[in-house]
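Scroll down for the structure; my scribbles are underneath it.
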Amino acid sequence: MIIGQRKPLKRIFEMLDPYDRILIAGCGSCVTVCMSGGLKEAEETAAVLRLHRQAEGRPVEVRARVVERQCEPEFLETLDADLPHFQVVLSLACGVGVQRYSLFRPGKLILPGLDTLGSGLPVRQGLWEEVCLGCGDCLLDQTAGVCPITRCAKGLLNGPCGGSRNGRCEANTENHCAWQIIYDRLAARGELNLLEEYRPPKDWSRGHWGGPRRLEREDMPIV
Amino acid sequence: MEKVGLFTPIKINKLVLKNRIMMSPAFSNSAAPGGFVTDWTLRHYQKRAAAGVGLVMVEHTGVSGYYIHGGNRLQISTDLHVPGLARLARVIKEAGAAAGLQIAHSIHGVGLKPEDLPKRVILEMIREFIEGARRAYEAGFDVVELHFAHTYTMADLLSRRTNKRLDEYGGDVYGRMKAHREIINGIREMMGPEVTLFARICADEFVIGGNTLKQSRVIAGELEKMGVDCIDVTVGVRFDDGGLKGYSDLRGKPTVEYEDGPNLYLAEDIKRHVGVPVIAVGKLGNPEFAASVIEQGRVDMVAMARPLLADDKWVKKVQAGRPDLVRTCVCCNSCLYKRRHPDDPIRCMERECARCLACLRNCPYRLPFINEKGRLEFGNEWCDECGMCAGLCPARVVRFQADPQYDWVSRQVEPAVKKLSPGQRRVLVITCASGPYRCDDKFLPGGLAHSAALVRVPCPGRVETVQMIRILELGVDGILLAGCRSEENPECKYRHHHPWAPHRVRRAGRILEEAGLSHKVIAHISLTGLEALDLAGVTRNFLNGLEVNNRVGEADDHRPEETA
């Protein structure tokens with residue numbers, strides 16, 4: 001799922017400073033699961049915003065709502081009844097949701113309330129970690145199911161750098177060295193020979209760096 | 001004797017129902033202004049009828065345009081309403097079910113009690129009921145159900161708690177039933193003995209001094225003698241003690257913590273005392289359980305509303321032998337209370353569950369599980385109602401009646417804070433409501449009463465960050481969460497989420513800091529036994545700390561101006 005965290009409140013206050021009728025739209029999917037943009041967080045942001053404006057002596061009208069998924073226009077339509085009343089929408093969805101909303105309702109100012117951190121998984125209650133960059137050419141079969149592109153700070157493909165110390169990364173000692181994990185897992189499986197195979201270079205053309213990628217199924221359009 | 005099951009037809013008066021499942025009348029909030037049927041209403045009932053429900057009982061429909069509950073309610077108060085209702089009856093019948101209409105009258109909606117009514121109004125109401133029933137039969141409904149239960153006028157009259165009338169419409173149980181008798185006689189006189197007439201009664205009101213089985217047995221027996229063809233037995237939903245969402249209301253719509261069919265014993269008892277068929281209602285959405293109820297002959301029909309909201313094809317799936325496909329109703333009551341807009345029609349909110357599995361991973365009793373179909377399910381036989389899942393649920397799908405959630409701030413905290421003097425520093429103390437750490441309001445002597453309010457919750461660990469911030473919005477300067485030392489209370493059922501309090505307080509503090517509001521203080525303290533006795537002292541210390549912090553905070557506030 002997509003993980004994200006709320007923007008610093010200071011930034012949110014700055015963005016919303018000129019407005020006094022604000023709709024905060026949460027998203028009921030990924031960001032609800034990672035507890036950063038669901039109904040509760042929308043309500044929380046609304047409450048903090050009101051409190052902040054109260055302290056400034058400028059009352060504000062904030063409503064917190066949530067839709068099932070902000071990346072689908074049909075779900076966003078359920079907010080339409082409220083929309084004219086509010087000057088601006090603070091969307092707590094990931095970047096996808098925010099963009100979908102502003103494309104869907106171009107006349108409305110949709111502001112992002114969340115910094116998207118990518119595709120991650122829950123490590124334990126209250127901790128989520130990014131594990132996939134969506135590089136377009138998956139090599140998890142060769143790396144014992146651990147992605148070096150995401151989990152190695154340098155995205156190395158052929159083994160650890162010289163900065164791997166006691167299984168930790170030199171760039172951030174809180175992180176495990178991805179290549180150490182890969183090596184350990186392969187060793188446990190007895191598949192270390194995988195590391196000795198010669199392979200052609202990774203196909204980076206399927207990665208993001210050539211502009212947005214598209215997925216198309218020709219049999220899907222009905223008309 | 002022939003074996004009777006859920007899908008055995010049943011004959012009531014002249015009406016034959018194809019199975020024993022009734023869609024229980026439930027407010028759908030879908031009527032157009034003036035109480036007219038809308039397309040939404042039609043679709044709502046048509047869908048359930050098409051999926052095989054034997055009898056679709058349309059929600060309570062006001063016989064009077066004035067004496068009616070709030071919300072977008074249907075009406076049958078004039079002949080103008082008949083065409084719409086006739087369409088509704090037609091779509092239900094064309095979809096293959098029998099159509100019923102529940103008719104009701106509400107003085108609660110306009111804030112009156114039975115003793116406030118002049119006799120003229122009672123006579124008028126009786127006439128309106130008879131007229132309403134006539135219009136319903138004319139519109140094509142097979143069944144009319146008279147709503148003699150919940151917080152409607154006829155139940156107010158039946159109840160020994162609320163009916164304090166001194167005339168012939170009050171007094172003993174027979175006097176309290178006089179209006180009912182006149183209504184039923186009137187309908188029978190006008191429409192004849194052929195039409196099918198149901199009555200819904202509360203078997204137990206679950207309010208102090210309200211009707212219990214002792215009265216309702218007599219009532220049911222009398223109704224049978226008056227010519228009612230079937231008795232629909234519900235319970236509770238009286239607002240006299242706990243109001244909306246109080247115990248009585250809760251018993252009428254049993255929530256997640258109740259077992260299947262918590263009110264069945266009452267319907268069973270009524271069935272033993274009457275000869276006419278009896279319908280039971282209340283958390284009967286488990287297909288196996290519903291079938292067993294009929295097979296064991298405990299009641300004649302089962303009624304359900306929420307399970308049919310959660311899955312409109314409930315009957316179809318059960319009949320096809322695929323109860324595993326049924327989308328289970330978790331009885332969260334969110335369909336009723338958690339609509340996004342007060343004008344939205346009711347619908348199941350269960351689908352909003354984001355399947356984050358926080359409840360499954362953190363339930364201390366390991367009750368939620370992934371069933372063999374790969375779906376998340378709640379096993380609630382061993383639920384201790386600690387409310388941990390409700391506190392964790394990020395989508396607010398799981399909820400408990402006793403949880404300090406939702407309207408808790410406006411219902412309890414706001415009145416408490418309003419009593420404080422505005423000129424002073426104001427703090428709110430949140431303490432435990434049970435066990436040895438239960439703190440009494442009396443702890444606040446003289447000086448503190450103006451600046452400190454006390455609110456009790458099941459466990460301070462249950463108060464969410466967002467609620468703390470909303471409390472600060474009310475204008476208080478500080479919140480003190482006074483919890484216990486959980487190691488001293490190993491038996492407390494809330495021990496599992498007690499450790500939350502400091503975490504949540506820390507998070508709230510960080511948010512306040514980030515928002516530049518650090519002059520407001522939220523603190524948590526684990527009370528020792530001695531401190532619990534001297535909560536006043538603890539509060540005073542907190543207030544003093546607040547003074548000091550504020551002096552520092554004010555100095556901080558001024559500094560930028562000075563430099564600028």
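We name chains A, B, ... by the order of the sequence lines, and we start the count at 1 in each one.
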Relative to chain A, which segment of [X] carries a heavy atom at a distance below 4.5 Å: side chain, backbone, both, or neither?
| X | answer |
| --- | --- |
| B:Leu392 | both |
| B:Leu517 | side chain |
| B:Arg507 | side chain |

Problem - Intermediate values then yes/no, side chain to side chain contact (heavy atoms under 4.5 Å, CB included), A:Asn166 and A:Gln180 - result: CA-CA 9 Å; A:Asn166 304 323; A:Gln180 179 78 46; over 6 Å; no
Could you tell me whether [X] and [Y] have a side-chain N and a carboxylate O separated by less than 4.0 Å?
| X | Y | result |
| --- | --- | --- |
| A:Arg58 | A:Asp20 | no |
| A:Asp115 | A:Lys7 | yes |
| A:Lys40 | B:Glu464 | yes |

Exercise for the section: Rounded to the nearest 0.5 Å, what's the gap from OG1 on A:Thr32 to CD on A:Glu68? Could you check? Expected result: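 Between A:Thr32 OG1 and A:Glu68 CD, I get 9.0 Å after rounding to 0.5 Å.
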Practice task
Look up atom CD1 in A:Ile22 and atom CG in A:Leu90, then write down how far apart they are to the nearest 0.5 Å.
Solution key: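 Atom-to-atom, A:Ile22:CD1 and A:Leu90:CG are 8.0 Å apart.
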Problem - chain B contact via A:Arg124 - which portion, at a heavy-atom distance below 4.5 Å - result: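 Nothing of A:Arg124, per the 4.5 Å heavy-atom cut-off to chain B.
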Practice task
Let me know if A:Gln125 has heavy atoms under 4.5 Å from chain B in its side chain, its backbone, both or neither.
Solution key: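 Contact with chain B involves the side chain of A:Gln125 alone.
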Exercise for the section: Answer yes if the side chains of A:Thr150 and A:Glu130 hold a donor-acceptor pair under 3.5 Å, and no otherwise. Expected result: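 No donor-acceptor contact under 3.5 Å links the two side chains.
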Practice task
Flag yes if more than 12 heavy atoms outside A:Tyr183 fall under 6.0 Å of its OH atom; otherwise flag no.
Solution key: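 Result for OH/A:Tyr183: open.
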Could you pull out all donor-acceptor pairs under 3.5 Å where a side-chain atom in residues 48-55 of chain A meets a protein atom, sequence neighbours excluded?
from    : atom 1 : to       : atom 2 : distance (Å)
A:Arg50 : NE     : B:Glu473 : OE1    : 2.8
A:Arg50 : NE     : B:Glu473 : OE2    : 3.2
A:Arg50 : NH1    : A:Val62  : O      : 3.3
A:Arg50 : NH2    : B:Glu473 : OE2    : 3.3
A:His52 : NE2    : A:Glu56  : OE2    : 3.3
A:Arg53 : NH1    : A:Tyr19  : O      : 3.0
A:Arg53 : NH2    : A:Leu16  : O      : 2.7
A:Arg53 : NH2    : A:Asp17  : O      : 3.3
A:Arg53 : NH2    : A:Tyr19  : O      : 2.9
A:Gln54 : NE2    : B:Glu473 : O      : 2.8

Exercise for the section: Name the member of B:Ile511, B:Leu512, B:Thr465 that forms the most heavy-atom pairs with chain A at distances under 4.5 Å. Expected result: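 So the answer, after comparing B:Ile511, B:Leu512, B:Thr465, is B:Ile511.
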Handout entry: Inter-chain contacts: residues 102-114 of chain A against chain B, heavy atoms under 4.5 Å
Key =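 The list, in residue order, is empty: none.
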